[in-house]
Colleague: 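For reference, the structure I am asking about is given below.
All values below were derived from every heavy atom in this structure, side-chain atoms included, with hydrogens, water molecules and symmetry-related copies excluded. Both ligands and their constituent atoms are indexed starting at 1 by order of listing.
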Amino acid sequence: MSSFSAPKGTYDLIPPDSADFLAVREAISAPLRRAGYGYVETPGFEQVELFARGVGASTDIVTKEMYTLTTKGGDELALRPEGTASVLRAALQANLHRGALPVKLWYSGSYYRYERPQAGRYRHFSQVGAEALGAEDPALDAELVILAADAYRTLGLRRFRLLLNSLGDAECRPAYRSALQEFLRGLDLDEDTRARIDINPLRVLDDKREHVQAQLADAPLMRDHLCQGCKSYHEQVRELLLAAEVPFEDDPRLVRGLDYYTRTTFEFVHDGLGAQSAVGGGGRYDGLSEMIGGPALPSVGWALGVDRTVLALRAEGVALDVPSGTDVFAVPVGEEARRTLFAAVTELRRHGVAADFAYGGKGMKNAMKSANRSGARFALVAGERDLAEGVVQLKDLESGEQTAVPVAEAASAVRAKLNCPSAR
Ligand code: ATP
Ligand code: MG
């Protein structure tokens, strides 16, 4: 061990477990690519002000969880705590919103929040996200929800649930907000929470404390205050999800922690994760662009937590079908065999075959152990006597069957066994 370890609230991804993370990222992003989402990558840090305005100055993320820093040049920056504000900022900066709409983007990366570390809650975590910018269409909301639900299902998850709500819009939310504020002012709440009533009363509904929740049983609900436009929009989203056979639960109390959501709001929760049950969430954020100084740009998106998705897979005992990284492993005995087999491995790799080699001048026994551990189906074995006869041994590590093949044909013989299309 060195004298250093990963900082509190962080952990390293190490083989073989790291393969699950890659598989989860791939399973979530592949359907997005097939649905017309283009890849976007933004910096790991942004101006603090982007998040203060875009995520909301009163949110936990901005008030408590952001890693901020002042550069030597005096810029106030923050490590990104989430992806949406940055992706929208990047799209506006590149003028994507002046082209064909919606602009559909996906991303994958690390996010940083100064939180109290617990199982499933880290200070550095990983998300895959998707955003569809510049269109107000219930089918777009439904598309995103379906893509997320299908990704979880494809991974083999079963014990997840989709919670769905509508948060209204600029037409109906103000009246609801006032009604909620009036109700909340009559409750027995601490000073911080009372302050929140003025700034963002909806978030009080999201308070996890029991003595707060107990007082909220009769709180007015957005559901009962939706305007006609929001009601019909939400009904269409629900119908499209039903038609796609994506089960959901109407949750009139779902609000989520970010300030920018309007209309469709959803969260995926998993029942095997304990307190940190949210594996992903998102919704419509029609006002966000204007909040960060852009034009009106109604949009919808989500972010799925990769760490918690991996934990959910483990909780359900799902073993991902992660293919072995190596198809063939070369085991040379002696200097000449090292040169011959190293050349064969290079040739195989150039033809796209996953090949590895017993490095470090190991003896035959140890080298065969490495071959078996690699998960390779075949070993290419050669010693002095084989080479004197102009052959190498191609060994099937499953059956133990071994055949001699001419040195010059070693690589093509492996490829033929592996059913490579162009092997002769
Ligand atoms: P929570 O209510 O658990 O704090 P959140 O509402 O803050 O979640 P979002 O901002 O919506 O989470 O982020 C989307 C997803 O990212 C979450 O559903 C979760 O899976 C994951 N996530 C968020 N914060 C963390 C964290 N600190 N550690 C690990 N995963 C996280
Ligand atoms: Mg949070």
Colleague: Quick check on contacts: which atoms of ligand 1 are under 4.0 angstrom from a heavy atom of G120?
Modeller: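 Within the 4.0 Å cut-off of G120, ligand 1 contributes 28 (N), 29 (C), 30 (N).
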
Colleague: Is the shortest N/O to N/O distance between Q127 and ligand 1 below 3.5 Å?
Modeller: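 Such a contact does occur with ligand 1.
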
Colleague: Identify, by atom number and element, the atoms of ligand 1 in contact range of Y122, meaning under 4.0 Å from any of its heavy atoms.
Modeller: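 Numbered from 1, ligand 1 contributes 26 (C), 27 (N), 28 (N), 29 (C).
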
Colleague: Ring centroid separation for Y112 and H124, is it under 6.0 angstrom?
Modeller: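 Centroid distance Y112-H124: below 6.0 Å, so yes.
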
Colleague: Hey, are the side chains of L304 and Y152 touching, using non-hydrogen atoms and a 4.5 Å cut-off?
Modeller: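 They are in contact (side-chain heavy atoms under 4.5 Å apart), so the answer is yes.
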
Colleague: Can a donor-acceptor pair be found between the side chains of Y233 and Q228 at a distance below 3.5 Å?
Modeller: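 Side chains of Y233 and Q228: no pair found under 3.5 Å.
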
Colleague: Against heavy atoms of A278, which atoms of ligand 1 measure under 4.0 Å?
Modeller: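 In order of numbering, the contacting atoms are 17 (C), 18 (O), 19 (C), 20 (O).
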
Colleague: So which bit of R308 gets within less than 4.0 Å of ligand 1, heavy atoms only: side chain, backbone, both or neither?
Modeller: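 Contact part for R308 vs ligand 1: side chain (C-beta onward).
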
Colleague: Could you check, using the six-membered ring where one of them is a Trp, whether F329 and F357 have ring centers closer than 6.0 angstrom?
Modeller: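 So the answer is no for these two rings.
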
Colleague: For atom 12 (O) of ligand 1, which candidate among Q118, E267, E82, R113 holds the nearest heavy atom?
Modeller: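 It is R113 whose heavy atom sits nearest to atom 12 (O) of ligand 1.
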
Colleague: Check each of F125, F268, W302 against atom 23 (C) of ligand 1 and report the one with the nearest heavy atom.
Modeller: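 Comparing heavy atoms across F125, F268, W302, the nearest one to atom 23 (C) of ligand 1 lies in F125.
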
Colleague: Any nitrogen or oxygen of L304 lying under 3.5 Å from a nitrogen or oxygen in ligand 1? Just yes or no.
Modeller: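 So ligand 1 has no N or O lying under 3.5 Å from an N or O of L304.
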
Colleague: Within 45° of the six-membered ring axis of Y114 and under 6.0 Å from that ring's centre, is NZ or CZ of R123 located there?
Modeller: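 Ring-cation test returns yes.
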
Colleague: Taking the non-hydrogen atoms of Q276, is any one of them nearer than 4.0 angstrom to ligand 1?
Modeller: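 No; Q276 lies far enough from ligand 1 that no heavy-atom distance drops under 4.0 Å.
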
Colleague: Only one of D169, D141, T262, T264 clears side-chain hydrogen bond (donor to acceptor under 3.5 Å, both in side chains) with R284; which?
Modeller: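 Exactly one candidate clears the test, D141.
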
Colleague: Any salt bridge linking R25 with D20? Criterion: basic side-chain nitrogen under 4.0 Å from a carboxylate oxygen.
Modeller: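 D20 and R25: not salt-bridged.
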
Colleague: Polar contacts were defined as any N/O atom of the residue lying under 3.5 Å from an N/O atom of the ligand; does this apply to V279 and ligand 1?
Modeller: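 There is such a contact, yes.
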
